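Have a look at the structure below, then the notes.
What you see is a predicted model, and the numbers here were worked out from it, not measured in a lab.
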Amino acid sequence: MTVLLTITGTQWVDGEADTVTQKVTGALDRVADGWRLTYTDNGVPAVLHTTPVRVTLTRGEDAASAMVWEKGKRHTCEYQTPYGVLPLGLTAKNVAVALDDNGGKVVLAYILDQNEQPVSANTLEIAVAVPEKG
């Protein structure tokens, strides 16, 4: 089904917060083990797959760049920069998924690290709204 997404990302580095919000149209589909959100992020296809305990975000065609959130677990990902690929660790502090046929919300809190040294604290909140018919 077609949905409206409000995606808010906040990053804290050295006590300074930087927040970015974007609104995009996407699709919400029920899958066997949870939900799949598909949308375009700055011209790049993105897929967010949720289960009750795990969230995976894949942007573009490169599965190696997938970000994985599982509370209390550290996963690695490759972050593409204009200068090349930066390997990062991602440790989820909170994973909250509340989606249904009426939309809902995904809230993720996590720490990014490089070589196991913290780089930033982050939150990602995706509000999912089903447009009114009529």
Side-chain angles (χ1 to χ4, degrees):
M1 82 181 82
T2 299
V3 293
L4 302 174
L5 306 175
T6 302
I7 304 168
T8 304
T10 302
Q11 179 180 58
W12 288 269
V13 177
D14 297 328
E16 299 281 325
D18 183 28
T19 299
V20 175
T21 300
Q22 66 175 328
K23 295 184 180 211
V24 297
T25 301
L28 175 65
D29 298 295
R30 186 184 299 270
V31 293
D33 57 351
W35 294 90
R36 183 180 59 230
L37 277 168
T38 54
Y39 59 97
T40 301
D41 181 8
N42 295 314
V44 178
V47 177
L48 187 83
H49 179 238
T50 70
T51 72
V53 297
R54 180 180 172 122
V55 175
T56 304
L57 174 62
T58 306
R59 295 184 72 237
E61 301 296 321
D62 187 7
S65 68
M67 297 177 80
V68 179
W69 291 266
E70 284 184 278
K71 187 174 181 177
K73 293 188 179 179
R74 182 179 185 271
H75 292 272
T76 57
C77 61
E78 294 180 351
Y79 186 75
Q80 184 65 46
T81 73
Y83 308 104
V85 174
L86 179 65
L88 293 174
L90 182 156
T91 303
K93 298 297 184 185
N94 188 44
V95 176
V97 177
L99 294 172
D100 60 27
D101 292 322
N102 298 310
K105 190 177 279 194
V106 176
V107 179
L108 307 165
Y110 57 102
I111 303 294
L112 288 178
D113 71 72
Q114 186 175 23
N115 298 323
E116 298 190 14
Q117 295 301 311
V119 174
S120 62
N122 306 269
T123 59
L124 179 63
E125 182 174 312
I126 302 173
V128 181
V130 177
E132 293 184 24
K133 295 178 180 163

Can you name the closest pair of heavy atoms from [X] and [Y] and give their distance?
X: Pro131; Y: Leu4; result: CG-CG, 4.1 Å
X: Cys77; Y: Ala66; result: CB-O, 3.3 Å
X: Leu124; Y: Gly9; result: CD1-CA, 4.3 Å
X: Leu28; Y: Gly103; result: CD2-CA, 4.3 Å
X: Gln114; Y: Pro87; result: CG-O, 4.0 Å
X: Gly26; Y: Tyr39; result: CA-CB, 4.1 Å

Where the side chain of Arg59 meets the backbone of Pro45, is there a donor-acceptor pair that is under 3.5 Å apart? no
Side-chain (Ser120) to main-chain (Asn122) donor-acceptor, under 3.5 angstrom: no
Could you measure the distance from the CG atom of Leu112 to the CD atom of Gln11? Nearest 0.5 Å is fine.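 Between atom CG of Leu112 and atom CD of Gln11 there are 7.0 Å.
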Side chain to side chain contact (heavy atoms under 4.5 Å, CB included) evaluation trace for Thr25 with Leu5: CA-CA 6 Å; Thr25 301; Leu5 306 175; over 6 Å; no
side-chain contact (heavy atoms from CB on, under 4.5 Å) filter on Thr21, not counting sequence neighbours, yields Thr6, Thr8, Thr19
Would you call Asp100 and Arg30 a salt bridge, using N to O less than 4.0 angstrom?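 Arg30 and Asp100: not salt-bridged.
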Quick one: do Asp113 and Arg74 make a salt bridge, cutoff under 4.0 Å?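 Judged by the 4.0 Å cut-off on N to carboxylate O distance, Asp113 and Arg74 do form a salt bridge.
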Can you find a heavy atom in the side chain of [X] that is under 4.5 Å from one in the side chain of [Y]?
X: Val128; Y: Lys105; value: no
X: Met67; Y: Leu88; value: no
X: Val68; Y: Arg54; value: yes

Evaluation steps, side chain to side chain contact (heavy atoms under 4.5 Å, CB included), between Val106 and Glu125: CA-CA 6 Å; Val106 176; Glu125 182 174 312; over 6 Å; no
Verify same cluster id: [X], [Y] (apolar side-chain graph, 4.5 Å):
X: Leu90; Y: Leu86; answer: yes
X: Trp35; Y: Val24; answer: yes
X: Leu48; Y: Val130; answer: yes
X: Ile7; Y: Met1; answer: yes

Side chain to side chain contact (heavy atoms under 4.5 Å, CB included) for His49 and Val31? Distances and angles first, verdict last. CA-CA 9 Å; His49 179 238; Val31 293; 3.6 Å; yes
Quick one: which residue pairs count as a ring pair (Phe, Tyr, Trp, His ring centres under 6.0 Å) with a foot in residues 86-123, not counting sequence neighbours? Trp69-Tyr110
Could you walk me through whether Leu108 and Thr123 pass the side chain to side chain contact (heavy atoms under 4.5 Å, CB included) test, one step at a time? CA-CA 5 Å; Leu108 307 165; Thr123 59; over 6 Å; no
Under 3.5 Å, which donor-acceptor pairs link side chains of residues 91-99 to any protein atom two or more places apart or in another chain?
none

